[in-house]
Amino acid sequence: MNLESLVRPNIWALEPYSCARDEFKGMDAHVFLDANENPYNDPINRYPDPLQEKLKARLAPLKGVRPSQIFLGNGSDEAIDLVYRIFCNPEKDNVVAMAPTYGMYKVCADINNVEYRSVPLSDDWQLDPKALLEATDARTKVIWICSPNNPTGNDIPREVIHEVLTNFEGIVVVDEAYSDFSTNQPFRSVLDKYPNLIVLNTFSKAWASAAIRLGMAFASEEIIALFNKVKYPYNVNLLTQEKACALLSDLGTIDSWMAQIRREKENVLPALYELPIVLKVYPTDANFVLVRVTDANSIYRYLIEKGIVVRNRSRVQLCENCLRITIGTRQENNELLGALRFYK
Ligand SMILES: *Cc1c(COP(=O)(O)O)cnc(C)c1O
């Protein structure tokens with residue numbers, strides 16, 4: 001793979017903004033008069049670390065990568081947008097993804113004026129790697145693969161993703177936002193084998209921190225350097241960096257929440273399956289489940305009246321009459337199931 005040929009020429013040539021905290025870093029100084037900050041209101045008067053080094057040093061061993069292989073952003077959504085801005089020339093290049101999948105890949109393509117090609121999954125949500133590769137051409141810069149996939153919930157088999165990675169010359173993004181809920185080995189473990197691989201993870205799901213907006217991308221050092229060049233200089237604020245470090249000091253709590261979610265999933269799936277209004281419960285490797293029901297719009301509105309919100313996916317391609325239901329606490333799940341039993 002030739003990275004330069006994949007990157008937009010203006011980005012390859014870009015001289016990035018050099019901020020005060022880039023030009024001087026270190027603990028030796030005690031008088032900081034370089035960034036026009038206000039000397040009062042410690043500690044939030046100071047600009048945060050632009051490269052979040054402390055947090056990356058904590059994350060690297062947990063994720064089995066080097067700190068230089070990590071990009072941190074304002075949610076995974078920032079990483080998704082940066083992929084377009086780094087690799088895709090507006091009005092010229094295209095990307096390929098499966099359908100249905102996470103909606104942000106298409107929205108960011110539209111915002112960046114990049115053609116978005118989608119390849120439908122099979123009835124049981126399987127991905128045909130040949131069909132995906134056939135949809136590419138010389139102007140395809142990126143392939144998006146979401147596994148476990150949102151909204152279908154299933155893992156894309158590792159062999160399928162390997163086949164795409166091996167046979168495509170451009171960038172392959174594997175979005176593993178839900179991989180902590182799956183038993184499959186995560187793809188960041190094969191970063192060193194594939195220079196064209198970008199893996200996305202997030203603090204929003206398994207790590208229970210959607211509010212702090214912190215997403216992760218793992219890739220080669222060269223690709224991460226491009227992310228760092230294009231991102232806003234202070235894209236992750238101090239409060240988020242500190243909260244994330246605190247969270248990583250308490251992984252036991254996260255493990256216990258995850259175990260609880262797994263237990264609940266084992267209760268909720270069979271209970272859904274027994275409801276007469278449920279036509280199909282799709283297999284799931286995530287913390288949500290897609291169900292096909294008799295009348296999604298009507299059931300959705302009925303639940304809203306009871307104060308229960310699920311995601312109505314009926315207007316998504318191939319997801320007619322489908323609701324996407326997140327696994328909640330025992331009490332929340334029981335409330336949902338109780339309401340559904342009384343629906344008529
Ligand atoms: C929820 C989700 C994310 C996470 O997005 P953040 O911006 O990090 O909150 C990423 N990808 C998929 C497929 C998701 O469902």
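One-based numbering, in listed order, for ligands and for the atoms of each.
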Which of Phe87, Phe168, Tyr84, Tyr116 passes ring pair (Phe, Tyr, Trp, His ring centres under 6.0 Å) with Trp144? It is Tyr84
Should we count CG of Asn36 as having more than 12 external heavy atoms under 6.0 Å?
-> no
Under 4.0 Å from ligand 1, counting heavy atoms only, is it the side chain of Asp77, its backbone, both or neither?
-> both
How does Phe203 reach ligand 1, by side chain, by backbone, by both or by neither, if only non-hydrogen atoms under 4.0 Å count?
-> neither
Closest non-hydrogen protein atom to atom 11 (N) of ligand 1, residue and atom name please, with distance?
-> Asp175 OD2, 2.7 Å
Given a cutoff of under 4.5 Å between side-chain heavy atoms of I, L, V, M, F, W and Y, with clusters grown through shared members, what are the other residues clustered with Phe24?
-> Phe32
Ser204 heavy atoms within 4.0 Å reach ligand 1 at atoms 6 (P), 8 (O), 9 (O)
With the threshold set at 4.0 Å, does a side-chain nitrogen-carboxylate oxygen contact exist between Asp93 and Arg8?
-> no
In terms of atom number and element, which parts of ligand 1 are under 4.0 angstrom from non-hydrogen atoms of Ser76?
-> 4 (C), 5 (O), 6 (P), 7 (O), 8 (O), 10 (C)
Going by the atom numbers of ligand 1, which of them fall below 4.0 Å from some non-hydrogen atom of Ala177?
-> 2 (C), 3 (C), 10 (C), 11 (N), 12 (C), 14 (C)
What atoms of ligand 1 come closer than 4.0 angstrom to any heavy atom of Arg213?
-> 6 (P), 7 (O), 9 (O)
Would you check whether Thr202 has a nitrogen or oxygen atom less than 3.5 angstrom from a nitrogen or oxygen atom of ligand 1?
-> yes
Any donor-acceptor pair under 3.5 Å linking the side chain of Glu332 with the backbone of Thr329?
-> yes
What atoms of ligand 1 come within less than 4.0 Å of a heavy atom belonging to Cys146?
-> 13 (C)
For atom 1 (C) of ligand 1, which of Glu78, Lys205, Met216 has the closest heavy atom?
-> Lys205
Tell me which one of Tyr102, Trp207, Tyr178, Phe288 gets a heavy atom nearest to atom 15 (O) of ligand 1.
-> Tyr178
Check whether any N or O atom of Tyr105, backbone or side chain, sits under 3.5 Å from an N or O atom of ligand 1, and answer yes or no.
-> no
Hydrophobic cluster (4.5 angstrom, side-chain heavy atoms) - remaining members for Tyr47 = Tyr234
Looking at Ala296 and Asn321, what are the two nearest heavy atoms and their distance?
-> N-OD1, 2.9 Å
Does Asn45 use its side chain to pair, donor to acceptor, with the backbone of Asn38 at less than 3.5 Å?
-> yes
